[in-house]
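Just so it is clear, the structure is predicted and the values come from calculations on it, not from any experiment. Chain identifiers are assigned alphabetically (A, B, ...) following the order of the sequence lines, protein sequences preceding nucleic acid strands; residue numbering begins at 1 within each chain.
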Amino acid sequence: MPELPEVETVVRGLQGLVGRRITDVEVRWERTVAVPDVETFVRRLQGRRIEEIKRRGKWVVVRLDGGLFLLIHLRMSGRLVVRWGSATDDRHLRVVLALDDGSRLFFSDPRKFGRMALVEDPEHLLGDLGLEPLDEGFTVKRLRDRLAGRRARLKSLLLDQRVVAGLGNIYADEVLWRAGLHPLRRADRLTEEEVARLHRAIRDVLREAIAGRGTTLRDGRYVGADGRPGGFAPRLAVYRRTAQPCPRCGTPIQRIRVGGRGTHFCPRCQT
DNA sequence: GTATGTACCTGCGGGC
DNA sequence: TGCCCGCAGGTACATA
């Protein structure tokens, strides 16, 4: 699943598109376009110049000339790949953007959960997002403030994009293992030292995953914008490793459900 | 505020 | 080998 490290890897791989102009737009699955209506989406996108491509949480944010923003969320199975040349046999293509250098940006998405939005004010969609964990502003104090008074379970809060933006099911489990914290812990019961451990684990796990260009699971679904899979999967400590030994203490990894999500943890070293 | 359930979707794996 | 069934999960929304 594309989470922060995967989206960051995709965004880095798309930097070559900055300065290109969009010459043609093809929408093959209309519901991929959240807003505006498809006809307006196509008309307003054509002829736009790409000024900047960045990431916010799990969103890809494409700033265009004319004060427009193309926001892209990959959700479960979305994939953004740049290619030159002729057709592709990908039967999951949902949107294709043709560019003025002859390349094309393909948005492929088997499960059709991914969304694109063409808006003037990105804050309408991004405004509720929480702390950006790799920014300088992500401090122990700010994390502590976000968790203060929250009685919900740690795992659920880490998945809440309004608290910290960018974590999904894989990295939430990995972060909690790294921090030695049990997924069912109440957030407001963490000690100062535990919040500091959580803060460090979030930054370390995400940085290492980005260095590994993200996690490609056995399904092979996630790839970067250049089509290469990520290399972080062998370094996952707990995610989808049920009954396998904890890399730290050898205890078999357990799987439970928390808020409807499969949750993997070490019952010995996560307290 | 918190927890749970449903919808959106398709590929995949388990069971037979 | 082939078929059916249910799960996986990010987010929005409804409900308790």
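Within 4.0 Å of A:G260, counting heavy atoms only, lies no atom of the nucleic acid at all. Note on A:R257: only backbone sugar-phosphate atoms sit closer than 4.0 angstrom, heavy atoms only; bases stay farther off. Residue A:R221 is out of contact with every strand shown, counting any heavy-atom pair closer than 4.0 Å. Contact annotation for A:Y171: no contact, since no heavy-atom pair falls under 4.0 Å across all strands. Nucleic acid contact for A:R240: sugar-phosphate only, since backbone atoms but no base atoms lie under 4.0 Å from a heavy atom of the residue. Residue contacts for A:R115: at a heavy-atom cut-off of 4.0 Å it reaches no nucleic acid atom on any strand shown.
Residue pairs satisfying the salt bridge (charged side-chain N to carboxylate O under 4.0 Å, His left out) criterion with at least one member in residues 105-121 of chain A, sequence neighbours excluded, are listed as follows: A:R44-A:E120.
We find that A:R55 and A:E132 are joined by a salt bridge, their nearest charged nitrogen and carboxylate oxygen being less than 4.0 Å apart. Salt-bridge annotation for A:R178 and A:E208: present, with a side-chain N of the basic residue lying under 4.0 Å from a carboxylate O of the acidic one. Here A:R261 does not pair with A:D173 in a salt bridge; the nearest charged N to carboxylate O distance is not below 4.0 Å. Taking 4.0 Å as the cut-off between side-chain N and carboxylate O, A:R12 and A:E8 count as a salt-bridged pair.
There is a path of hydrophobic side-chain contacts, each under 4.5 Å, that joins A:L64 to A:V33. Linking Ile, Leu, Val, Met, Phe, Trp and Tyr residues whenever their side-chain heavy atoms come within less than 4.5 Å leaves A:L74 and A:V35 in two separate clusters. A:I170 and A:L176 fall within the same hydrophobic cluster, where Ile, Leu, Val, Met, Phe, Trp and Tyr residues are linked whenever their side-chain heavy atoms come under 4.5 Å apart, directly or through other members.
Rounded to the nearest 0.5 angstrom, A:L4 CG and A:I210 CD1 are separated by 5.5 Å.
Protein chain A contacts DNA chain C from C:dA8 to C:dT11, reading 5' to 3' and using non-hydrogen atoms of the protein with a distance under 4.0 Å. For DNA chain B, the span of nucleotides reached by chain A at under 4.0 Å from its heavy atoms goes, 5' to 3', from B:dT2 to B:dG11.
The side-chain contact (heavy atoms from CB on, under 4.5 Å) test with A:V175 is passed by exactly one of A:V205, A:L181, A:V164, A:D204: A:V205.
Comparing the local axis fitted to the first five base pairs of the helix from B:dT2-C:dA16 to B:dC16-C:dG2 with the one fitted to its last five gives a bend of 50°, rounded to 10°.
Annotation: of the two residues near DNA chain B, A:R151 and A:R91, the 5′-most nearest-nucleotide partner is A:R151.
The side chain to side chain donor-acceptor pair (under 3.5 Å) search around A:R153 returns none, not counting sequence neighbours.
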ring-ring contact (aromatic ring centres under 6.0 Å, His included) between A:F138 and A:H199, intermediate numbers included = CA-CA 8 Å; A:F138 181 65; A:H199 174 265; 4.7 Å; yes
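With contacts defined as side-chain heavy-atom distances shorter than 4.5 Å, the pair A:P183/A:L154 does not qualify.
Applying a 4.0 Å cut-off to non-hydrogen atoms, none of the residues of residues 124-135 of chain A approaches DNA chain C.
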